[in-house]
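First the structure, in the form of structure tokens, and then the observations on it.
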Amino acid sequence: QVQLVESGGGLVQAGGSLRLSCAASGRTFSSYGMGWFRQTPGKEREFVAAISYNGGRTYYDDSVKGRFTISRDNAKNTVYLQINSLKPEDTAIYYCAAGPGLGRTFYEYNFWGQGTQVTVSS
């Protein structure tokens, strides 16, 4: 199993950038696909991006394509989400998750972090 801790969130003006990190504790991190999700009050947790176990494949929700980049460094047991050109609608709690594949729904992931808040001001 793996434990996940997100960091890097904060308050940023629209148009700015953030790099979120998800640090994993566990000996089998490299065997998991990783995903990023986000959630705001009144909305379901929505898929943002995913990356395969070896970083060879990525998948993005259409709402973030071209602005968000998911990557991973298995030697550091860390997955990243680079967020550029932030918009107010990107405001959410961002969660990382680990699962067996390249899932785009929350129930395809087995392990979750506690989330990090991203707030984008106009």
Side-chain angles (χ1 to χ4, degrees):
Q1 63 180 15
V2 61
Q3 293 77 47
L4 307 172
V5 180
E6 303 94 334
S7 63
L11 175 62
V12 183
Q13 281 193 317
S17 298
L18 282 173
R19 191 191 195 197
L20 308 184
S21 297
C22 177
S25 298
R27 292 185 289 271
T28 59
F29 173 76
S30 62
S31 68
Y32 288 95
M34 298 294 297
W36 285 96
F37 291 74
R38 64 187 181 184
Q39 188 167 25
T40 57
K43 290 185 176 181
E44 69 280 356
R45 188 169 298 187
E46 65 176 344
F47 172 78
V48 175
I51 188 167
S52 61
Y53 70 97
N54 62 357
R57 295 180 295 127
T58 58
Y59 182 77
Y60 298 92
D61 185 78
D62 288 342
S63 66
V64 304
K65 281 185 177 178
R67 299 189 299 118
F68 288 28
T69 302
I70 188 170
S71 62
R72 68 189 298 161
D73 186 341
N74 286 352
K76 296 181 178 179
N77 280 8
T78 302
V79 63
Y80 305 96
L81 186 68
Q82 178 68 42
I83 310 175
N84 297 325
S85 301
L86 278 160
K87 304 175 181 179
E89 53 263 43
D90 294 321
T91 296
I93 301 175
Y94 283 72
Y95 300 88
C96 69
L102 202 67
R104 58 182 178 177
T105 56
F106 75 91
Y107 51 83
E108 294 175 277
Y109 291 86
N110 305 115
F111 308 102
W112 293 84
Q114 292 300 116
T116 185
Q117 177 70 46
V118 172
T119 303
V120 184
S121 61
S122 300

Using a 4.5 Å cut-off on heavy atoms from C-beta on, say whether the side chain of [Y] contacts that of [X].
| X | Y | value |
| --- | --- | --- |
| S17 | N84 | yes |
| Y32 | Y53 | no |
| V79 | I70 | yes |
| S25 | N77 | no |
| Y95 | Q39 | yes |

Test side-chain contact (heavy atoms from CB on, under 4.5 Å) applied to V120 and T91, step by step: CA-CA 5 Å; V120 184; T91 296; 3.7 Å; yes
Side-chain donor/acceptor of T116 to backbone N/O of G9, under 3.5 Å: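 Yes; judged by distance alone, with no hydrogens or angles, the pair exists.
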E6 side chain to C96 backbone, donor-acceptor under 3.5 Å: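 A pair under 3.5 Å: yes.
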[X], [atom1] atom: more than 12 neighbouring heavy atoms under 6.0 Å:
| X | atom1 | result |
| --- | --- | --- |
| E89 | CD | yes |
| R104 | CZ | no |
| F106 | CZ | no |

Test log, rule ring-ring contact (aromatic ring centres under 6.0 Å, His included), inputs W112 and F37: CA-CA 10 Å; W112 293 84; F37 291 74; 5.0 Å; yes
Verify same cluster id: V2, L20 (apolar side-chain graph, 4.5 Å):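 Shared cluster, yes.
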Cluster check W36, V12: I/L/V/M/F/W/Y, side chain < 4.5 angstrom: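 Yes, one cluster joins them.
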R67 charged N/C atom sitting above Y60 aromatic ring, 6.0 Å / 45°: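 The answer is no, since R67 fails at least one limit relative to Y60.
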Minimum heavy-atom distance between [X] and [Y], given as atom pair plus value:
| X | Y | result |
| --- | --- | --- |
| S71 | I51 | CA-CD1, 3.7 Å |
| A24 | L4 | CB-CD2, 3.7 Å |
| S52 | L102 | N-CD1, 3.4 Å |
| A49 | L81 | CB-CD1, 4.3 Å |
| Y109 | G33 | CE2-O, 4.3 Å |
| V48 | Y94 | CG2-CE2, 4.4 Å |

Verdict with supporting geometry, D61 and F68, side-chain contact (heavy atoms from CB on, under 4.5 Å): CA-CA 9 Å; D61 185 78; F68 288 28; over 6 Å; no
D90 and K87 ion-paired at < 4.0 Å: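 K87 and D90: not salt-bridged.
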Separation between [atom1] of [X] and [atom2] of [Y], rounded to the nearest 0.5 Å:
| X | Y | atom1 | atom2 | answer |
| --- | --- | --- | --- | --- |
| F29 | Q3 | CZ | CD | 12.5 Å |
| T105 | E44 | OG1 | CD | 12.0 Å |
| Q82 | S21 | CD | OG | 9.5 Å |

Residues S63, R38; criterion side-chain contact (heavy atoms from CB on, under 4.5 Å); working and verdict: CA-CA 12 Å; S63 66; R38 64 187 181 184; 3.6 Å; yes
